[in-house]
Structure formats: C-alpha cells, structure tokens
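Data block below; observations after.
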Amino acid sequence: MRCAPACYGEKMSGTAAIQSKNMQVPTKLPQHVSIIMDGNGRWAKERGKERIQGHFEGVNSVRAVMGAAVEWKIPYVSFFAFSEENWGRPEAEVNGLMELIGRAMVREMDTFRKYDVRFVVLGNRARLSDEINADIDRAMENTAGNKGLTMILFLSYSGQWDILQAAEKMAHDLMNNPGHRVRPEDLTRHLVTAGIPDPDLLIRTSGEKRISNYLLWQTAYTEFVFTETLWPDFREEAFLAALEEYASRDRRFGKIK
Ligand code: FPP
C-alpha cells in the first residue's frame, strides 16, 4: 500500500531556494558529502507528532541538500537512509519508512531527470521487498546515463556487512590466486561503494557523535562535522555551514605538509 500524497510533505526545490538567497559557497568543496540523517523522531516528538511525520519532513531536507549539491556542483552526495540495525525497529515504523522511501524515489524521478541526477541505492537488497526492489531498479535504470550529481541512498546498509561481503569475494579471488599478497585495493573493489570516491566530508545531525556502523572502511580519512540541528531542520543554510567548516580543515592524510 502506498502512502496518500498528503502525508508525503510539500515539494520544494533546493536550487530555487539557493538562487533566491544568493548564498556564497567556499571554493574548497568536497567531492563526496555523506550524511547520517538523525533526529527525525525527536523532531516529531518535540511537536507532539508521530515519529513517521519526522521522517516525512526529513525527505524535504534530502531534497534541499540534493538541490544545493546540484547548484554548487558537488559531484556525489549520499544519505544513510536505513541501517541493517533499523530492521529491529517496530514493524509499523519499518513499514512506514519503506513506503516513504519507495514513494519518494518514484516521485523524485522528474527532479532526477531535470537536474541530470544519477540515482543509486546501495545496501543489502536481499532484505528489501520485491515492490521496493522494483522501484529501485526502475529509478537506477532510468537515471544510469545521467551525468550530473550522483545521489546515493544507503538502504539496509551496514559497514560491517559491506566489509564481510567484500571479504568473502576477496577470499574467493584468493583461492584462484593463492600467492597473491593482499592489499587494501583488493577489498575496496568488492565493497558496494566500488567506483565511488570515499566521502571527503561526513555530516551527522542531531548532536550524536558516532559512526553507527556506517561507512567504516570508506571513512578512513573523512572529515567529520557534527551538528545539533535535527535532520528535518537541516536545510541549505545548515549544509552551507558544514561546507564552510570543511573548507577550514587542513587535510594531511597522515603526512606532513
Ligand atoms: C533517523 O532518525 C532517520 C532515519 C532512520 C530515516 C531517514 C530516512 C529518510 C528521511 C528517507 C529519505 C529517503 C528518500 C528517498 C528521499 P531517527 O528516527 O533515528 O530519529 P531519533 O534519533 O530522533 O529517534
């Protein structure tokens, strides 16, 4: 069953919002920004609403960040939408979230087309329903040739799951090539993120300061920005503030400059 349009939230365009505000972005921008969207439930609770209403409003923040990334020409933006651990939430919330995500993907197809966005879903898709997998396949196939922003949704994803599935494949390769000395690249190429640059910047909202089994391997040299802002309140200004914080960082990758 699909959610009625009224519960989905209002459509807005991040690009239009930015153009009207004439925001100035730093010259040193990340190639890949990844976001742990947190605080939807608390946002809803503060307003006496159901938790799912926080997730609905969170979709508008995804749109705002996506629009800003298009406008500011950031090539990759990714969102941690649902972790392997999130399957342990109450059934009603899991179903509501899946429905919301499936519906958002279908609904955003016009936006992806308009802004040349390539849409990618990564995670343990074997745990997703046939219905949402069909929506994902359609969205990914329809946008595969787009050359602008790559927008990645991590769904039913965990960093440990990703490393384990990559290690299994690497072990299989090694059986056919026993003398091979294993290097980091041997694992990297089997991660679901193969071909995608590691995040330069990881933002986590809502004041929590942990990685929560997200991109464990890929964040070896990522810059972290933590903000107290709850995800549904995270819009263009908050995104810009995180980019400014990133621009002020001195990245040395373990070397001396
Ligand atoms: C964390 O808040 C947020 C989530 C588990 C889900 C976020 C997913 C979306 C906004 C959907 C995006 C999808 C598309 C296709 C645009 P929480 O529930 O952990 O909040 P809390 O910590 O306050 O309880």
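Ligands are counted one by one from 1 in listed order, and the atoms in each one are counted from 1 as well. None of these values were measured; they are calculated from a predicted model. In this chain, residues are counted from 1 in sequence order. The analysis underlying the following values was restricted to heavy atoms, covering all of them including side chains, and did not include hydrogens, waters or symmetry mates.
Ligand-side atoms of ligand 1 in range of Arg89: 17 (P), 18 (O), 19 (O), range being under 4.0 angstrom from any heavy atom. The contact set between ligand 1 and Leu153, taken as ligand atoms under 4.0 Å from a residue heavy atom, comprises 15 (C).
Of the candidates Ala81, Ser206, Gly41, Ala104, the one placing a heavy atom closest to atom 21 (P) of ligand 1 is Gly41. Nearest residue to atom 24 (O) of ligand 1 from Arg51, Glu108, Glu46 is Arg51 (criterion: closest heavy atom).
The pair Asp137-Arg125 meets the salt-bridge criterion, since a charged nitrogen lies less than 4.0 angstrom from a carboxylate oxygen. Lys49 and Glu57 are not joined by a salt bridge, as no carboxylate oxygen comes within less than 4.0 angstrom of a charged side-chain nitrogen.
Rounding to the nearest 0.5 angstrom, the gap separating the CD atom in Glu108 from the CZ atom in Arg113 is 11.5 Å. Separating the CG atom in Leu97 from the CD1 atom in Ile132 is a distance of 9.5 Å, to the nearest 0.5 Å.
Among the atoms of Met105, none of the N or O lies under 3.5 angstrom from an N or O of ligand 1. Residue Asn86 places no N or O, backbone or side chain, under 3.5 Å from any N or O of ligand 1. Of the N or O atoms in Arg42, one or more lie within a sub-3.5 Å distance of an N or O in ligand 1.
Contacts with ligand 1 closer than 4.0 Å are made by heavy atoms of both the backbone and the side chain of Asn40.
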Is there a salt bridge (Lys or Arg N to Asp or Glu O under 4.0 Å) between Arg103 and Asp135 once you walk through the steps?
CA-CA 9 Å; Arg103 192 177 168 85; Asp135 287 340; over 6 Å; no
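Using cut-offs of 30° and 60° on the angle between ring planes, the pair His32 and Tyr76 is tilted.
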